[in-house]
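In what follows, a single structure is set out as structure tokens and then discussed.
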Amino acid sequence: MLLAGKKKSTLNALKQQLNSAFSMKDLGEAEHILGMRIKRDRQQHTLQVSQEKYIEKVLDRFNVADAKPLGVPLHPHVKLSKDDCPKNDDAASYMKSVPYASACGSLMYAMVATRPDIAHAVGVVSRFMANPGRAHWEVVKSILRYLKGTKSKCLCYGKGPLELKGFCDSDMAGDVDTRKSTSGYVYILAGGAISWCSRLQRIVALSTTDWLARLCSEFGMLEKAPLLGCDSQSAICLAKIAMFHARTKHIDVRYHFIREVLEDGLITLIKVNTSQNLADALTKCLPKAQHQLCIQMVGVT
């Protein structure tokens, strides 16, 4: 169990209450939890969270510990689809011997915990869990090889302001099979990512904004409305300017929740340049240089 609070006295009181009801052991300051390593440097005022040991175990489990590392989790030229699924009994029989679902699950835990840089790639390969083919499996191994070269990377907090800032983005009908778009968002606090997501479009990122804002307020870390960055001027105009509303009556009212929170001052919507949109890597494959720049900006070091 991981406990956090504004005051040490409050934490101590809670631990005494828990200890009176349950048999438990106080492990002191958090260092390891659920495969994550927490490293705190009080002199530099930084906190790092990593999964190097977990990733090493995953690499050994799927026999890629000695493979050549890759610079990106998913190459921009790769376009997976249902056409890559097994087309005959031999191909289907081969894939039954491949631990595809297990590998995807292991990658997903790393992605959810500390590695937003693989969120888009893991989202893509997870779409084919029901009937994966060799091409899909090769991409899973590519993600593992990328992790081999970046296993020591961590999320670092403390190098930025205590300001909650979100970024959202989407591609344009990027899914080959359904022509659905991929949406992504990432929220930054103290210079590091604290929440992120990449999936086929059905996201309302604002509910996440509200939850994170409330959580930060409870810790006394939020002094002003969170910022939400978007690189689409049209989307910003749709949210802010009344003259656009009459032209978009076909859009379901539930997607216009953003108008209410903007009017109430709960968030501030700002235009950001595409090169500064930290959610870009969560919606599409990027060349190596762009990918590395993007993950550095979300606090993966």
Side-chain angles (χ1 to χ4, degrees), residues 51 54-88 90-151 153 169-184 186 196-201 279-292 294-295 298 300:
Q51 287 178 288
Y54 170 79
I55 291 173
E56 287 177 349
K57 290 180 180 178
V58 171
L59 297 177
D60 286 335
R61 181 181 177 189
F62 298 105
N63 300 313
V64 290
D66 298 323
K68 183 179 179 181
L70 295 179
V72 292
L74 182 59
H75 198 279
H77 79 268
V78 175
K79 301 293 181 184
L80 296 179
S81 74
K82 292 181 180 178
D83 289 338
D84 299 312
C85 294
K87 293 182 173 58
N88 54 56
D90 289 341
S93 177
Y94 169 77
M95 287 308 300
K96 286 181 179 179
S97 66
V98 170
Y100 189 90
S102 180
C104 286
S106 297
L107 289 172
M108 198 170 293
Y109 182 65
M111 179 272 291
V112 168
T114 65
R115 299 302 297 264
D117 50 325
I118 64 172
H120 174 251
V122 172
V124 170
V125 296
S126 296
R127 297 170 194 170
F128 306 98
M129 294 263 274
N131 188 27
R134 285 177 180 260
H136 305 133
W137 177 235
E138 290 302 317
V139 172
V140 169
K141 290 192 290 186
S142 294
I143 302 172
L144 289 167
R145 290 170 61 189
Y146 167 76
L147 284 180
K148 184 194 173 183
T150 59
K151 63 183 180 181
K153 286 191 175 296
D169 195 18
S170 69
D171 68 352
M172 181 59 70
D175 185 75
V176 176
D177 297 310
T178 65
R179 285 304 168 194
K180 288 183 178 180
S181 298
T182 298
S183 290
V186 59
W196 54 88
C197 183
S198 174
R199 64 174 64 166
L200 288 181
Q201 205 164 69
D280 201 31
L282 297 173
T283 63
K284 60 185 70 71
C285 307
L286 297 177
K288 183 177 179 179
Q290 285 180 256
H291 178 79
Q292 290 179 338
C294 198
I295 66 173
V298 299
V300 178

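The residues of the chain are indexed from 1 along the displayed sequence.
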Under 3.5 Å, is there a donor-acceptor pair between the side chain of [X] and the main chain of [Y]?
X: Ser170; Y: Ser183; answer: no
X: Thr182; Y: Thr283; answer: no
X: Asp84; Y: Ser81; answer: yes
X: Trp196; Y: Gly184; answer: no

Check: Thr150/Arg115 side-chain N/O donor and acceptor closer than 3.5 Å
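Note: Thr150 and Arg115 side chains meet the donor-acceptor criterion.
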Please give me the minimum heavy-atom distance between [X] and [Y], naming the atom from each residue.
X: Pro116; Y: Leu282; result: O-CD2, 3.4 Å
X: Asn131; Y: Pro86; result: OD1-CD, 3.5 Å
X: Trp137; Y: Ala103; result: CZ3-CB, 3.8 Å
X: Arg61; Y: Ser106; result: NH1-OG, 3.5 Å
X: Leu147; Y: Ile118; result: CD2-CG2, 4.1 Å
X: Val125; Y: Cys104; result: CG2-SG, 4.0 Å

Show every ring pair (Phe, Tyr, Trp, His ring centres under 6.0 Å) that has at least one partner inside residues 92-119, sequence neighbours left out.
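Applying ring pair (Phe, Tyr, Trp, His ring centres under 6.0 Å) to every pair that reaches into residues 92-119, excluding sequence neighbours, yields Tyr54-Tyr109.
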Could you note down all residue pairs passing ring pair (Phe, Tyr, Trp, His ring centres under 6.0 Å) where residues 110-130 supplies at least one of them, sequence neighbours left out?
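Sorted result for residues 110-130: Phe128-His136.
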Residues 65-79 side chain polar contacts: donor-acceptor under 3.5 Å, at least two apart:
residue	atom	partner	partner atom	Å
His75	ND1	His77	N	3.2
His75	ND1	His77	ND1	2.4

For the CG atom of Leu286 and the CD atom of Gln292, what is their distance to the nearest 0.5 Å?
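Spacing of CG (Leu286) from CD (Gln292) equals 11.0 Å.
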Interatomic spacing from CD in Gln51 to CD in Glu56 - rounded to 0.5 Å:
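Rounded to the nearest 0.5 Å, the CD-CD separation comes out at 12.0 Å.
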Tell me whether the count of non-hydrogen atoms from other residues, nucleotides or ligands lying under 6.0 Å of NZ in Lys96 goes above 12.
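No.
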When you look at Asp90 and Ser93, which way does the side chain to side chain donor-acceptor pair (under 3.5 Å) test go after all the steps?
CA-CA 5 Å; Asp90 289 341; Ser93 177; over 6 Å; no
Worked verdict on Leu80 versus Val139 for side chain to side chain contact (heavy atoms under 4.5 Å, CB included)
CA-CA 9 Å; Leu80 296 179; Val139 172; 3.9 Å; yes
Check this for me, if you would: do Asp169 and Lys284 make a salt bridge, where the nitrogen-to-carboxylate-oxygen distance has to be below 4.0 angstrom?
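Judged by the 4.0 Å cut-off on N to carboxylate O distance, Asp169 and Lys284 do form a salt bridge.
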CA sep, side-chain torsions, deciding dist, call: Arg199, Ser126, side chain to side chain donor-acceptor pair (under 3.5 Å):
CA-CA 10 Å; Arg199 64 174 64 166; Ser126 296; over 6 Å; no
Tell me every residue that passes side-chain hydrogen bond (donor to acceptor under 3.5 Å, both in side chains) with Lys153, counting only those two or more places apart in sequence or in another chain.
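Testing Lys153 for side-chain hydrogen bond (donor to acceptor under 3.5 Å, both in side chains), a comparison that skips the adjacent residues, returns none.
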Going by side-chain hydrogen bond (donor to acceptor under 3.5 Å, both in side chains), name the residues that satisfy it together with Lys288, two or more places apart in sequence or in a different chain.
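Lys288 satisfies side-chain hydrogen bond (donor to acceptor under 3.5 Å, both in side chains) with no other residue.
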Any side-chain hydrogen bond (donor to acceptor under 3.5 Å, both in side chains) pairs touching residues 138-148, not counting sequence neighbours?
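As it turns out, the side-chain hydrogen bond (donor to acceptor under 3.5 Å, both in side chains) pairs with a partner in residues 138-148, which skip direct neighbours, are Asp117-Tyr146, Glu138-Lys141, Tyr146-His291.
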